[in-house]
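Okay, structure first, notes after.
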Protein chains: 2
Amino acid sequence: MLIGELATRAGTSPRTLRYYEQQGLVRAGRDANGYRQYDDAELRVVREIRSLLAAGFGIEDIRPFVACLRAGNQSGHVCPDSVLVLRRKLAEVDGFLGQLTDLRQQLRAQLDEAVALRESPCRTQICPP
Amino acid sequence: MLIGELATRAGTSPRTLRYYEQQGLVRAGRDANGYRQYDDAELRVVREIRSLLAAGFGIEDIRPFVACLRAGNQSGHVCPDSVLVLRRKLAEVDGFLGQLTDLRQQLRAQLDEAVALRESPCRTQICPP
DNA sequence: CTAGGCCTTGACACCGGCGTCAAGGCAAGG
DNA sequence: CCTTGCCTTGACGCCGGTGTCAAGGCCTAG
Ligand SMILES: [Zn+2]
Ligand SMILES: [Zn+2]
Ligand SMILES: [Zn+2]
Ligand SMILES: [Zn+2]
């Protein structure tokens, strides 16, 4: 399988696959041409990468998952390193959720206050256009 | 007030103040030196900018707030344009919150599944180190 | 006179995943 | 022979707010 076909099948671009290879995530053999030749198993790897990226993981975080897949596991999530990353990400998401919730609260308060001031008689505000 | 003093009083750096000026957010006069001279009112403006940036707004979003302050209002949030931006941001935060909540759910499920597989007898997995 | 401190403008770097263009090789069909 | 299409490597750009360095001007204290 050449790079274009793999890209199409994985729903991405050749540029992206070369980038993953440069990052050490995807492996490719070479034809006599110099063309990259991909094993069928790489499709699963690329799909896992894309899925994790879409979920907000970074390239470094994804390494253990790929290694876990390459070790022959059915899922990339079952290895200890992957679980560590999953836990870390979960904590990170929780922190971010709290932060966003606070922000939301703050925004609502400011909106309500602004609307209240706007509806009040126009003595305390300049009421620009 | 020179740029260094304003930076210190606003808890930021001269570089940052020059950037805000370049973006049209902060105004400064010039001494015969060529040194920027800041009105006392600019401190409030800079504080508003820093606060909004910390809340996740971008430079473009902040423009109406600064204009509202300059129009003489006590708060930068009361003008119609500011309220529009606040509403937009609130919606954006809500969307992001939903997205993050879904992701959290997904992460928990994957973690639970991985742990379950790991605790189950080691027949279905390769159980790498 | 000079050292030091604050000011000026301009430019490059960062992050991270990828788009995009350039310049060129290789294969197949007309 | 020429076109077409896929492949190769290499390089720059993006985003957005800021750090940081360079080269130089201004001012004050010793
Ligand atoms: Zn997965
Ligand atoms: Zn405010
Ligand atoms: Zn980068
Ligand atoms: Zn930029």
Side-chain angles (χ1 to χ4, degrees), chain A residues 1-39 42 45-66 85 88-89 92-93 96 99 103, chain B residues 1-39 42 45-66 85 88-89 92-93 96 99 103:
Chain A
M1 186 170 27
L2 294 184
I3 196 173
E5 185 184 347
L6 178 57
T8 300
R9 288 221 260 167
T12 179
S13 71
R15 169 71 177 92
T16 296
L17 296 180
R18 284 188 273 256
Y19 175 66
Y20 295 161
E21 180 180 351
Q22 190 190 352
Q23 298 304 314
L25 291 178
V26 170
R27 288 180 192 161
R30 294 291 180 140
D31 284 348
N33 284 348
Y35 289 13
R36 271 166 258 255
Q37 187 62 236
Y38 292 92
D39 188 347
E42 292 303 302
V45 171
V46 174
R47 291 225 167 101
E48 180 80 9
I49 296 174
R50 304 244 67 186
S51 164
L52 289 167
L53 276 180
F57 291 89
I59 293 288
E60 294 303 318
D61 293 340
I62 293 179
R63 295 216 144 87
F65 292 83
V66 172
V85 173
R88 201 159 47 70
K89 195 69 180 179
E92 189 181 326
V93 167
F96 209 49
Q99 205 170 326
L103 175 58
Chain B
M1 187 168 31
L2 295 184
I3 196 173
E5 184 184 348
L6 178 56
T8 299
R9 287 220 261 167
T12 179
S13 71
R15 168 73 177 91
T16 296
L17 295 181
R18 284 188 273 256
Y19 176 66
Y20 295 161
E21 179 180 351
Q22 189 189 352
Q23 299 303 313
L25 292 178
V26 170
R27 287 180 191 162
R30 295 291 180 140
D31 284 348
N33 284 347
Y35 289 13
R36 271 165 257 254
Q37 187 62 236
Y38 292 93
D39 188 346
E42 292 303 301
V45 171
V46 175
R47 291 225 168 100
E48 180 80 8
I49 296 174
R50 307 277 317 154
S51 165
L52 289 167
L53 277 180
F57 291 88
I59 293 289
E60 293 305 316
D61 292 340
I62 294 179
R63 293 216 145 85
F65 293 83
V66 172
V85 172
R88 201 158 46 72
K89 195 69 179 180
E92 188 181 327
V93 166
F96 210 50
Q99 205 170 327
L103 174 58

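Throughout, a chain's letter reflects where its sequence line sits, starting with A, and its residues are numbered from 1.
- A salt bridge links A/Lys89 with A/Glu92: the distance from a Lys NZ or Arg NE/NH1/NH2 to an Asp or Glu carboxylate oxygen falls below 4.0 Å.
- Across B/Val66, B/Ile62, B/Asp39, a single residue satisfies side-chain contact (heavy atoms from CB on, under 4.5 Å) together with B/Val45, and that is B/Val66.
- At whole-Å resolution of the value, CZ in A/Arg50 and P in C/dG16 are 17 Å apart.
- Under the side chain to side chain contact (heavy atoms under 4.5 Å, CB included) criterion, B/Ser13 pairs with B/Arg15, B/Thr16, sequence neighbours left out.
- In plain terms, the two heavy atoms of A/Glu21 and A/Ala28 that are nearest each other are OE1-CB, 4.1 Å.
- The nearest whole Å value for the distance from the CD1 atom in A/Ile62 to the P atom in C/dG16 is 12 Å.
- Between A/Ile49 atom CD1 and C/dG17 atom P there is a gap of 11 Å when expressed in whole angstrom units.
- When side chains are defined from C-beta on, A/Phe96 counts as touching A/Gln99, because their heavy atoms get closer than 4.5 Å.
- Put simply, the side chain of B/Tyr38 does not reach to within 4.5 Å of the side chain of B/Val46, judged on heavy atoms.
- For the pair B/Leu53 and B/Tyr35, nearest-nucleotide mapping onto DNA chain D gives the more 5' position to B/Leu53.
- Distance CD1 (A/Ile59) to C1' (C/dC15): 13 Å, rounded to an integer number of Å.
- Rounded to whole Å, the distance from CG on A/Leu2 to C1' on D/dT8 is 12 Å.
- Taking atom CD of A/Glu60 as the reference point, atom C1' of C/dG16 lies 11 Å away to the nearest angstrom.
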Using atom types as modelled, flag every donor-acceptor pair under 3.5 Å from a side chain in residues 3-11 of chain A to any protein atom, sequence neighbours excluded.
residue : atom : partner : partner atom : Å
A/Thr8  : OG1  : A/Gly4  : O            : 3.0

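- Between B/Ser13 and D/dG19 there is a side-chain N or O to OP1 or OP2 distance below 4.0 Å.
- Look at B/Thr12 and you won't find any side-chain N or O under 4.0 angstrom from OP1 or OP2 of D/dT18.
- Between A/Asn33 and C/dA27 there is a side-chain polar atom (N or O) within less than 4.0 angstrom of OP1 or OP2.
- Whole-Å rounding puts the A/Glu5 CD to D/dC6 C1' distance at 12 Å.
- Distances shorter than 4.0 Å separate none of the side-chain N or O atoms of A/Arg15 from OP1 or OP2 on D/dG13.
- In this structure, A/Leu6 places its CG atom 11 Å from P of D/dT8, rounding to the nearest Å.
- Of all the residues in residues 18-26 of chain B, B/Arg18 reach under 4.0 Å from DNA chain C with at least one non-hydrogen atom.
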